[in-house]
Amino acid sequence: MGSLRKAKLAINSFRSLGSKIFNAGKNPIREGNHQFNQFISSNNSSSLNTSRGSGYSFSSLIRSKFTSFHQRNLFLNGVGRRFYYVDRNQVQHFKPRGPKKWFENPRNVLVVVLISGGVIITVYAGNCETIPYTKRTHFVLLSKELERQMGEESLNQIKNAYKGKILPAIHPESVKVRLIAKDIIGALERGIKHEQVWSDPEYSNQNIESDDENSREAVIALIGGGEGKIEGNWRKEEEVLDDKWVQESRKKGREKGAKVATHHLEGMNWEVLVIDEPIVNAFCIPGGKIVVFTGLLDHFRTDAEIATIISHEVGHVVARHGAEQMSNNMWFTILQIVLMQFVGMPDLVNMTSQFFLKLPFSRRNEMEADYIGVLLLASAGYDPRVAPQVYEKLGEVAGDTSLNDYLATHPSGKKRALVLSRAKVMEEAFSIYRESSSGTGVEGFL
């Protein structure tokens with residue numbers, strides 16, 4: 001009877017082990033050798049408990065043989081290495097279950113980088129334009145239709161904000177500014193060899209097409225980008241702003257045979273608006289909307305002085321500086337987001353971006369508009385030598401001081417006058433002025 005009982009126990013042990021092996025073949029053990037050993041120990045402990053007092057060690061022998069055999073198979077098949085690893089301190093670390101994230105796969109990262117880079121290069125190359133005269137290449141993402149639509153909306157906001165202060169078309173100041181603007185637009189037509197004859201600039205209709213509660217804030221933002229006094233801006237008079245970059249840019253443009261972009265000027269409806277406000281300012285909204293405040297006319301009375309400022313503002317429209325600034329702001333925003341991931345101080349990132357990216361670009365654009373403006377001024381029949389005097393006087397009116405000579409969207413008046421008087425463009429402008437004075441118009445100078 002004792003032999004029969006031992007034989008039954010042995011058979012039961014084999015059956016239990018066989019069923020476990022069969023189940024393990026269907027559902028592999030994914031927790032590694034450590035959990036498998038626990039499974040073998042628990043299974044055999046139950047078998048040993050049933051045979052307690054018998055003193056028979058056959059099941060323990062089977063357990064040891066089977067454990068070593070299965071461990072060897074697990075490591076040969078790579079199952080153990082797949083689900084956990086052992087560090088130098090012999091500590092087992094189980095790998096997380098579930099699918100991996102896409103960026104954990106180097107191949108996926110490479111594909112995303114290549115596709116994104118291709119899209120960025122295509123968009124950038126397809127939206128690069130060459131600015132007249134300076135031949136500088138810049139990135140403009142806005143279409144001319146959207147740019148003009150934004151200009152119309154901005155003009156309506158100005159009309160709404162200064163309702164009742166817009167001078168009528170027959171007012172002497174309005175007539176004076178409109179006639180000067182007509183000369184500047186005619187010079188622009190000759191400068192770019194425009195095939196389409198533009199109509200004379202009209203005085204803007206005073207009817208308000210929109211009633212926006214935020215019109216005043218929008219107008220303040222527009223005024224900040226024009227000529228005149230700008231509070232709280234940083235001006236750096238020692239900044240290197242000279243004629244070298246213009247000459248180098250023109251040389252590269254001629255070598256590449258770059259064709260200047262003037263398509264945004266085709267069919268433009270030029271309008272003039274004079275506002276009775278003691279603000280020393282003037283600006284030209286994208287779409288050909290020239291706005292002048294009477295505060296500026298109080299300080300600059302001669303036609304040549306007014307023409308200098310209007311030609312400068314028209315130069316911004318010719319170079320599409322407004323659309324360029326909007327496009328650059330998109331890249332600046334992306335760069336700020338990336339930097340914030342590493343720096344973690346938004347104020348520092350914003351200040352750095354403002355001082356080293358946005359303001360230098362703005363000052364460069366102002367000098368570029370000065371160059372284009374002085375050529376338009378000369379072609380319109382005004383002496384270009386008055387331009388440096390106007391900018392120096394404008395700096396005095398705006399209140400240039402040593403305190404605010406470190407931050408500005410505009411260079412200081414003295415710096416603008418100094419650079420423009422010594423620039424090669426002044427020689428070209430004076431040559432155009434002499435030809436215009438003799439009755440011979442010069443074409444294609446932009």
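- In this structure Ser421 satisfies the side-chain contact (heavy atoms from CB on, under 4.5 Å) test together with Pro388, sequence neighbours excluded.
- Side-chain atoms of Ser379 do not come within 3.5 Å of backbone N or O of Leu376 as any donor-acceptor pair.
- Every residue meeting the salt bridge (charged side-chain N to carboxylate O under 4.0 Å, His left out) condition with Asp383, not counting sequence neighbours, appears here in chain and number order: Arg385.
- Counted within 6.0 Å of CE on Met330, heavy atoms from surrounding residues, nucleotides or ligands total more than 12; the atom is thus considered enclosed.
- For Pro286, the side-chain contact (heavy atoms from CB on, under 4.5 Å) test picks out Glu147, with sequence neighbours left out.
- With hydrogens and angles ignored, the 3.5 Å screen pairs a side-chain donor or acceptor of Ser116 with a backbone N or O of Val112.
- For the atom pair Glu277 CD and Thr294 OG1, the distance stands at 7.0 Å (nearest 0.5 Å).
- The side-chain hydrogen bond (donor to acceptor under 3.5 Å, both in side chains) pairs that include a residue from residues 166-180 are Glu173-Arg301, Ser174-Tyr203, where partners are two or more places apart or lie in different chains.
- Annotation: side chain of Asp298 is not in contact with side chain of Pro278 (no heavy-atom distance under 4.5 Å).
- Within the 4.5 Å cutoff, side-chain heavy atoms of Trp270 are placed close to those of Val314.
- For Gln325, there are no side-chain hydrogen bond (donor to acceptor under 3.5 Å, both in side chains) partners two or more places apart in sequence or in a different chain.
- To the nearest 0.5 angstrom, Leu357 atom CG is 10.5 Å from Asn329 atom CG.
- When every heavy atom of Val280 is checked against every heavy atom of Gly295, the shortest pair comes out as CG2-O, 3.9 Å.
- The closest side-chain donor-acceptor pair between His316 and Glu366 falls under 3.5 angstrom.
- Minimum heavy-atom separation, Ala378 to Ala429: CB-O, 3.0 Å.
- Tyr124 pairs by the ring-ring contact (aromatic ring centres under 6.0 Å, His included) definition with Phe139, not counting sequence neighbours.
- Applying the ring-ring contact (aromatic ring centres under 6.0 Å, His included) rule to Phe332 yields the partners Phe361; only residues at least two apart in sequence or on another chain are considered.
- Between atom CD1 of residue Ile180 and atom OH of residue Tyr382 there is a gap of 5.0 Å, rounded to the nearest 0.5 Å.
- Side-chain contact between Val177 and Leu297 is present, with at least one heavy-atom pair separated by less than 4.5 Å.
- In this structure, Asn269 CG and Arg148 CZ are separated by 9.0 Å, a value rounded to the nearest 0.5 Å.
- Side-chain contact between Leu142 and Glu324 is absent, with no heavy-atom pair separated by less than 4.5 Å.
- If you run side-chain hydrogen bond (donor to acceptor under 3.5 Å, both in side chains) between Glu129 and each of His264, Arg320, Lys259, only Arg320 comes through.
- Taking Ser143 as the reference, Glu145, Leu146 meet the side-chain contact (heavy atoms from CB on, under 4.5 Å) condition, with sequence neighbours excluded.
- Ser154 contributes a side-chain N or O that, together with a main-chain N or O of Met150, makes up a donor-acceptor pair within less than 3.5 Å.
- By the ring-ring contact (aromatic ring centres under 6.0 Å, His included) test, Tyr433 pairs with no residue at all, sequence neighbours left out.
- No side-chain heavy atom of Val140 sits under 4.5 Å from any side-chain heavy atom of Asn127.
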Exercise. Give the intermediate values and the outcome of side-chain contact (heavy atoms from CB on, under 4.5 Å) for residues Val386 and Leu377.
Key: CA-CA 10 Å; Val386 75; Leu377 180 69; 4.3 Å; yes
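- A distance-only check finds a donor-acceptor pair linking the side chain of Ser249 to the backbone of Arg136 [under 3.5 Å].
- Although no hydrogens or angles enter the test, the distance criterion places a donor-acceptor pair under 3.5 Å between the side chain of Ser311 and the main chain of Gly373.
- Using a 4.5 Å heavy-atom threshold, the side chains of Ile306 and Leu296 count as separate.
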Quiz item: Are Arg416 and His312 close enough, and set up right, to give a side-chain contact (heavy atoms from CB on, under 4.5 Å), and what steps lead you there?
Solution: CA-CA 12 Å; Arg416 295 170 72 178; His312 168 87; 3.3 Å; yes
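- For Ile170, the CD1 atom is loosely surrounded, since the number of other residues' heavy atoms within 6.0 Å does not exceed 12.
- Residues forming a side-chain contact (heavy atoms from CB on, under 4.5 Å) with Thr302 (at least two apart in sequence, or on another chain): Ala304, Glu305.
- Note: Phe283 and Phe293 have tilted aromatic rings, judged against thresholds of 30 and 60 degrees for the angle between ring planes.
- Of all non-hydrogen atoms in Glu392 and Ala417, the two that sit nearest each other are CB-CB, 4.0 Å.
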Exercise. Verify side-chain contact (heavy atoms from CB on, under 4.5 Å) between Val291 and Ile285, making sure each step is shown before the conclusion.
Key: CA-CA 8 Å; Val291 180; Ile285 305 173; 4.3 Å; yes
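- Between His138 and Ile131, the closest side-chain pair of non-hydrogen atoms falls below 4.5 Å.
- Put simply, the side chain of Val246 does not reach to within 4.5 Å of the side chain of Val425, judged on heavy atoms.
- Here the closest heavy-atom approach between residue Ala307 and residue Ile184 is recorded as O-CD1, 4.0 Å.
- Taking Arg250 as the reference, Tyr133, Glu428 meet the side-chain hydrogen bond (donor to acceptor under 3.5 Å, both in side chains) condition, with sequence neighbours excluded.
- Partners of Gln336 according to the side-chain hydrogen bond (donor to acceptor under 3.5 Å, both in side chains) rule, which considers only residues two or more places apart in sequence or in another chain, are Ser353.
- Within the model, atoms CE of Met426 and OH of Tyr371 stand 9.0 Å from one another, a figure rounded to the nearest 0.5 Å.
- Residue His410 holds its NE2 atom at 11.5 Å from CG of Leu359, rounded to the nearest 0.5 Å.
- In this structure, Gly287 and Met268 approach most closely via the heavy-atom pair O-CG, 3.4 Å.
- Using a distance-only test at 3.5 Å, with no hydrogens or angles considered, no donor-acceptor pair links the side chain of Lys159 to the main chain of Ile166.
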Quiz item: Stepwise, does the side-chain contact (heavy atoms from CB on, under 4.5 Å) test hold for Asp183 with Asp303?
Solution: CA-CA 11 Å; Asp183 295 337; Asp303 291 355; over 6 Å; no
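- Annotation for Leu420 and Ala387: closest pair CD2-CB, 3.9 Å, computed over non-hydrogen atoms.
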